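A quick write-up on the structure given underneath.
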Amino acid sequence: MNRKKGSKSCDVLVLGAGPGGYTAAIRAGQAGLKVVIVEGEKAGGTCLNVGCIPSKALIHAAAQFQKVKGCEQDNVFGISLGGGSVEIDLSKTIGWKDGIVERLNKGVEGLLKKAGVEQIIGWGRMLDGKTCEVSGKDGPVLIHAEHVILATGSVASALPSLPFGGKVISSTEALALTHVPDKLVVVGGGYIGLELGTAFAKFGSEVHVVEFADHILPHYDREIGKVVLQSLKSLGVTVTIGAAAKQLSEDGSGLVVGLKDGSEVTLPADKILVTVGRKPRLEGWGADNLYLTMRDGFIAINDKCQTSMTDIYAIGDVTGEPMLAHRAIAQGELVADILAGKPRRFDPAAIPAICFTDPEVVSAGLSPDEAEAAGYEIVIGQFPFAANGKAMASVAESGFVRVVARKDNHLVLGIQAVGKGVAELAASFGLALEMGARLEDIAGTIHAHPTQGEGLLEAAFGALGHPLHM
Ligand code: FAD
């Protein structure tokens with residue numbers, strides 16, 4: 001059926017309503033610009049629907065289950081179930097998680113509406129640098145825009161020999177499982193694989209992680225990876241490093257894995273979760289009708305998030321690493337400010353990264369190796385949570401906080417932590433780096449007691465050569 005195309009014009013067209021796109025749209029709308037946002041699925045993008053939020057909901061539920069399950073046995077707290085046992089109904093957990101996602105979907109839609117942004121549900125395709133055709137449920141719409149913000153995000157990468165389908169799943173399907181798989185093989189020991197692998201181990205799956213590199217969390221330093229590895233082992237997770245996932249076994253019952261010594265093993269699996277990375281979403285939206293310069297497979301942008309085409313901006317995962325929601329959000333806000341006439345540049349001192357494993361990991365700025373590779377002479381202060389009162393009182397003694405600073409002027413270059421609950425320290429780490437803190441600034445800041453945050457104070461004392469509780 002040929003339908004007459006509706007036509008609209010606007011100041012700003014945003015393609016994709018993930019954290020990057022919806023933030024840009026809200027801010028531009030608040031600035032009084034006429035904004036249209038186009039989304040093919042649901043407002044909130046990967047992060048809100050199948051990423052950050054649902055994964056953290058599942059991780060939380062798994063931790064709750066593990067805690068209560070622990071009470072079936074004798075424990076230091078003297079808490080007992082009086083002989084009862086604990087079961088998990090994963091379909092109910094998933095229902096609760098879906099409820100949170102739905103509330104947030106509605107919240108984002110409400111914020112867009114409040115900012116006066118017009119929302120169009122449908123898949124957009126750029127016809128040229130100023131025109132987008134959207135095929136929505138009410139027929140095609142043509143949108144003419146003065147400025148375009150590309151925020152199409154990313155998709156899970158598959159292994160060619162192990163395509164998604166059947167028992168081979170991506171994080172999206174893992175977040176919607178209604179039964180706990182007996183045997184789960186996770187391919188890829190990065191943060192997404194380890195977060196979900198840990199959650200399913202706590203739910204009761206027998207989990208085996210296969211990692212190609214020679215240590216887990218290959219984007220973090222080894223000392224941090226070691227603490228997480230230790231904890232995975234105590235959860236009963238098996239980790240094989242230097243191993244290549246090949247294909248499903250002939251009978252389909254497991255995954256064939258090539259080991260370092262050249263031999264092969266078949267790991268039995270009810271589900272195989274492939275988390276080998278994500279790639280920018282460059283297909284299906286008319287990128288071939290534009291003349292965008294690419295860099296390392298992503299859309300190349302400058303420090304104003306401008307692409308190689310006039311009036312076309314790009315933000316978020318489609319523009320490169322780190323593919324994190326808070327980077328997308330910061331870029332979205334920045335572009336909207338620029339379009340509203342403000343002079344802005346994307347030049348953060350640090351973009352903190354967190355792994356919501358157990359224990360959690362935070363890294364902001366440079367690790368010791370990165371600082372040295374960048375040519376700095378450094379001092380390091382490291383404080384173990386084993387010496388922190390709050391950590392002891394919360395059974396959170398594994399891990400540490402580490403501060404890396406320039407030797408000459410004590411400017412803080414990086415802060416890392418691994419330990420239970422350290423994700424919430426990310427804000428203070430980021431703030432210290434963004435404000436250009438010196439070790440003396442951290443050491444001179446009164447940190448509330450008893451908190452795990454005192455670990456940062458102690459690490460700074462250590463780097464200055466006068467540790468207190470060590
Ligand atoms: P996306 O969120 O991918 O949004 C892009 C949107 O564009 C999508 O909604 C898509 O439907 C839409 N779109 C694409 N093409 C079109 C088109 N042609 N027409 C209309 N709409 C279109 N990051 C963190 O910072 N912290 C975390 O804890 C974290 N956990 C994660 C856990 C998992 C399991 C996963 C998969 C990711 C996680 N991430 C996390 C990464 C985070 O989700 C992304 O960095 C973030 O969502 C990127 O935002 P974005 O706006 O660039 O793109």
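Numbering of ligands and ligand atoms starts at 1, following listing order. What's counted below: heavy atoms across the whole structure, side chains too, no hydrogens, waters or symmetry copies. As the structure is a prediction and not an experimental result, all values here were calculated from the model.
A salt bridge links Asp347 with Arg345; the closest basic N to acidic carboxylate O contact falls under 4.0 Å.
A pairwise comparison of heavy atoms in Ser161 and Lys246 identifies OG-O, 2.5 Å as the closest pair. What you find for Leu334 and Phe346 is that their closest heavy atoms are CD1-N, 3.5 Å.
Put simply, part of Tyr191 is less than 4.0 Å from ligand 1, judged by heavy atoms. The shell of residues lying under 4.0 angstrom from ligand 1, judged by heavy atoms, excludes Ala43. Note on ligand 1: Arg278 sits in its first shell, one or more heavy atoms being nearer than 4.0 Å. Put simply, no part of Leu196 is less than 4.0 Å from ligand 1, judged by heavy atoms. Within the 4.0 Å heavy-atom shell around ligand 1 one finds Lys56.
Atoms of ligand 1 found under 4.0 Å from any heavy atom of Leu324, numbered from 1 in the order shown, are 23 (N), 24 (C), 25 (O), 45 (O). Here is the list of ligand 1 atoms found below 4.0 Å of a heavy atom in Gly316: 52 (O). Per-residue contacts place Ser55 under 4.0 angstrom from the following atoms of ligand 1 (heavy atoms of the residue considered): 32 (C). Interface of Val50 with ligand 1, defined as ligand atoms under 4.0 Å from a residue heavy atom, comprises 34 (C), 36 (C). Counting atoms of ligand 1 from 1 in the listed order, those under 4.0 Å from a heavy atom of Gly122 are 19 (N), 20 (C). Shown in contact with Trp285 at under 4.0 Å from a heavy atom are these atoms of ligand 1, numbered in order with element: 18 (N). Under a 4.0 Å criterion applied to the non-hydrogen atoms of Ser154, ligand 1 contributes the atoms 3 (O). Near Gly45, with a cut-off below 4.0 Å to any heavy atom, the atoms of ligand 1 are 2 (O), 4 (O), 8 (C), 9 (O).
Looking at Cys47 next to ligand 1, an N or O pair under 3.5 Å apart turns up. Inclusion of Ser171 in the set of residues having an N or O under 3.5 Å from an N or O of ligand 1 is not warranted. For ligand 1, none of its N or O atoms has an N or O atom of Leu15 under 3.5 Å away. Remark: ligand 1 and Glu39 share an N or O pair separated by less than 3.5 Å (distance only, no angle test). Close N/O approach between Gly20 and ligand 1 is found [any backbone or side-chain N/O within under 3.5 Å]. For ligand 1, the polar-atom distance check finds an N/O of Thr46 within less than 3.5 Å of one of the ligand's N/O atoms. The distance criterion of under 3.5 Å between nitrogen or oxygen atoms is met by Gly124 with respect to ligand 1. When only interatomic distances are considered, the shortest N/O to N/O separation between Met323 and ligand 1 falls below 3.5 Å. The distance criterion of under 3.5 Å between nitrogen or oxygen atoms is met by Ala325 with respect to ligand 1. Ligand 1 has an N or O atom lying under 3.5 Å from an N or O atom of Asp317, backbone or side chain.
Counting heavy atoms of neighbouring residues, nucleotides and ligands inside a 6.0 Å radius, atom CZ of Phe164 exceeds 12 of them. Within a 6.0 Å radius of CD in Gln230, no more than 12 heavy atoms belonging to other residues, nucleotides or ligands are found. For Glu102, the CD atom counts as loosely surrounded, since its 6.0 Å shell holds 12 or fewer non-hydrogen atoms of other residues, nucleotides or ligands. A 6.0 Å sphere centred on CZ of Phe212 holds no more than 12 heavy atoms belonging to other residues, nucleotides or ligands. The environment of Asp303 atom CG is dense: over 12 non-hydrogen atoms of other residues, nucleotides or ligands sit within 6.0 angstrom. The number of heavy-atom neighbours closer than 6.0 Å to CD of Glu283, taken from other residues, nucleotides and ligands shown, is 12 or below. Within a 6.0 Å sphere centred on CD of Glu424, other residues, nucleotides and ligands contribute 12 heavy atoms or fewer.
The side-chain heavy atoms of Thr307 and Thr293, taken from C-beta on, include no pair separated by under 4.5 Å. Residues Glu133 and Val141 are not in side-chain contact: their nearest non-hydrogen atoms beyond the backbone lie 4.5 Å or more apart.
Among protein heavy atoms, the minimum distance from atom 22 (C) of ligand 1 is reached at Trp123 CZ3, 3.5 Å. Nearest to atom 49 (O) of ligand 1 among the protein's heavy atoms is Pro19 CD, 3.4 Å. The protein non-hydrogen atom at the shortest distance from atom 53 (O) of ligand 1 is Gly153 CA, 3.1 Å. Nearest protein heavy-atom neighbour of atom 26 (N) of ligand 1: Cys52 SG, 3.8 Å. Protein heavy atom in closest approach to atom 5 (C) of ligand 1: Ala151 O, 3.4 Å. Nearest protein heavy-atom neighbour of atom 7 (O) of ligand 1: Gly16 CA, 3.2 Å. Ranking the protein heavy atoms by distance from atom 21 (N) of ligand 1 puts Gly40 N, 3.0 Å first. Protein heavy atom in closest approach to atom 4 (O) of ligand 1: Gly18 CA, 3.4 Å.
Using a 4.0 Å cut-off between heavy atoms, Ile192 contacts ligand 1 through its side chain alone, with no backbone atom that close. Under 4.0 angstrom from ligand 1, the non-hydrogen atoms of Arg281 all belong to its side chain.
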Are Glu223 and Gln382 close enough, and set up right, to give a side-chain hydrogen bond (donor to acceptor under 3.5 Å, both in side chains), and what steps lead you there? CA-CA 12 Å; Glu223 216 179 341; Gln382 187 160 316; 3.0 Å; yes
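For the residue pair Ser367/Asp369, the side-chain donor-acceptor check at 3.5 Å is not satisfied. Arg295 and Thr319 are not linked by any side-chain donor-acceptor pair at a separation below 3.5 angstrom, with hydrogens and angles left out of the test. Remark: the Asn105 side chain and the Asn49 side chain contain an N/O donor-acceptor pair separated by less than 3.5 Å. A donor-acceptor pair shorter than 3.5 Å can be found between the side chains of Arg278 and Ser154.
Of the possible polar contacts, none joining the Asn289 side chain to the Asp128 backbone as a donor-acceptor pair under 3.5 Å is found.
A side chain to side chain contact (heavy atoms under 4.5 Å, CB included) with Leu196 is found for exactly one of Val207, Leu175, Val186, namely Leu175.
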